[in-house]
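Here is the structure we will look at.
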Amino acid sequence: MARHGGRGWNGKVFGAALGVTLLAAGASVWTAQAGALGSQPPKATTSATQGSAVKPVAVDIAHASDQGARGVNITIDDGPDPVWTPQVLDVLRQYGVKATFCMVGTQAQAHPDLVKQVVAAGHRLCDHSVSHDTTMDKKSQAYQAQQILDAERMITQASGGVRPMYYRAPGGAFTPYSRHLAASRGMRPLGWNVDSKDFERPGTAAIVDTVERELPGGPTILFHDAGGDRSQTVEALRQILPWLKEQGYSYGFPVR
């Protein structure tokens with residue numbers, strides 16, 4: 001998994017999350033992805049919903065599609081954004097595609113109408129932390145818990161009660177602890193196979209080429225709907241979505 005460190009988005013979102021305490025130390029994302037656990041599943045300290053049962057899910061990082069070998073998962077990170085999320089939703093609607101939206105907690109809190117639109121269109125929600133800190137794996141368990149649980153609460157409240165079904169660590173900064181905590185809250189840790197590189201704005205053609213070239217490596221494709229000008233992403237989706245259907249792929253959600 002690639003990290004998107006130093007790209008400016010961290011600072012923008014972090015300013016809206018001053019209530020989160022910065023602490024130190026944590027396990028490496030690479031160790032976590034290798035599957036080193038070594039501890040009992042952590043206990044969640046807060047509840048994101050009132051009166052709703054939470055069913056734990058698997059702790060390993062999901063990549064596969066629930067549509068099988070010819071399924072693809074479209075995942076959209078960092079929003080919702082009032083300019084770009086509606087445009088992404090329009091493209092998905094045009095091609096009859098359901099996607100997974102990995103939302104930053106402060107963005108969801110600021111734009112609850114967009115969160116509700118995503119849910120109403122049949123897409124799934126994913127917890128992408130409070131402040132998109134790509135160094136979460138270097139921070140304490142208390143900090144990781146705040147980032148995950150507070151974002152879960154923000155997204156659930158913004159949606160009108162629909163909980164996130166996945167947790168995607170910013171930049172792939174998972175730890176054994178964060179994976180166990182998310183899974184204990186019913187949020188499957190979610191990875192990706194194809195980084196479209198759309199965040200770097202390399203041009204629509206380059207984004208399309210990256211997806212077509214890397215898709216044989218796995219079904220979960222990473223795009224963004226916030227953090228800057230996403231016009232290239234919107235146009236790339238207009239080209240990629242019909243191409244995938246022509247190639248015999250079906251659209252699904254990440255396995256749970």
Side-chain angles (χ1 to χ4, degrees), residues 13 16-17 44-59 61-62 64-67 71-93 95-132 145-170 178-192 220-226 251-256:
V13 181
T45 56
T46 63
S47 176
T49 58
Q50 295 182 354
S52 61
V54 176
K55 182 179 179 181
V57 294
V59 302
I61 299 172
S65 174
D66 64 6
Q67 292 300 301
V72 291
N73 307 319
I74 302 299
T75 65
I76 314 290
D77 281 21
D78 294 1
D81 179 273
V83 174
W84 303 111
T85 301
Q87 295 187 45
V88 169
L89 286 172
D90 284 344
V91 176
L92 295 173
R93 184 182 307 112
Y95 293 103
V97 175
K98 305 303 181 186
T100 300
F101 282 77
C102 299
M103 296 185 174
V104 173
T106 50
Q107 290 293 107
Q109 189 174 55
H111 306 290
D113 56 325
L114 293 177
V115 182
K116 291 180 176 67
Q117 287 180 37
V118 168
V119 171
H123 306 293
R124 288 185 179 179
L125 301 177
C126 171
D127 180 333
H128 201 33
S129 82
V130 171
S131 60
H132 202 279
Q146 282 185 309
Q147 286 283 314
I148 295 168
L149 298 178
D150 284 357
E152 180 193 6
R153 173 182 51 79
M154 291 173 176
I155 294 167
T156 302
Q157 290 178 348
S159 72
V162 178
R163 300 183 63 257
M165 298 179 70
Y166 307 92
Y167 166 66
R168 174 174 277 168
S178 69
R179 289 192 290 121
H180 274 300
L181 177 58
S184 76
R185 296 294 304 159
M187 298 183 292
R188 179 74 182 266
L190 176 59
W192 64 83
T220 301
I221 310 173
L222 170 63
F223 298 99
H224 298 82
D225 64 342
Y251 295 100
F253 294 111
V255 294
R256 292 257 300 157

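We use all heavy atoms of the structure for the numbers below, so side chains are in, but hydrogens, waters and symmetry mates are not. Not measured: the values here are computed from a predicted model.
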Is there a side-chain contact between [X] and [Y] (heavy atoms, below 4.5 Å)?
| X | Y | answer |
| --- | --- | --- |
| Val255 | Arg188 | yes |
| Leu89 | Phe101 | yes |
| Asp81 | Val88 | no |
| Pro80 | Val115 | yes |
| Met103 | His128 | no |
| Gln117 | Thr85 | no |

Mark yes or no for whether [X], through its side chain, and [Y], through its backbone, hold a donor-acceptor pair below 3.5 Å.
| X | Y | value |
| --- | --- | --- |
| Lys98 | Leu92 | no |
| Arg163 | Arg185 | yes |
| Arg256 | Gly186 | yes |
| Asp150 | Val130 | no |
| Asp127 | Glu152 | yes |
| His123 | Ala99 | yes |
| Thr156 | Arg153 | no |
| Asp78 | Val104 | no |
| Arg124 | Thr100 | no |

Smallest separation among heavy atoms of [X] and [Y], with atom names:
| X | Y | value |
| --- | --- | --- |
| Ala108 | Ile155 | CB-CG1, 3.9 Å |
| Cys102 | Cys126 | SG-SG, 3.1 Å |
| Gly79 | Asp225 | N-OD1, 3.0 Å |
| Tyr251 | Gln67 | O-CG, 3.6 Å |
| Ala58 | Pro189 | O-CD, 3.4 Å |

- Message: Testing the 3.5 Å rule here: is there a donor-acceptor pair between the side chains of Thr75 and Arg168?
- Response: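 Side-chain D/A pair, Thr75 to Arg168: present.
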- Item | Which residues share a side chain to side chain donor-acceptor pair (under 3.5 Å) with Tyr167, sequence neighbours left out |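 In terms of side chain to side chain donor-acceptor pair (under 3.5 Å), with neighbours along the sequence ignored, Tyr167 is linked to no residue.
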- Can we say Lys116 and Asp113 salt-bridge, meaning some charged N sits less than 4.0 Å from an Asp/Glu carboxylate O? no
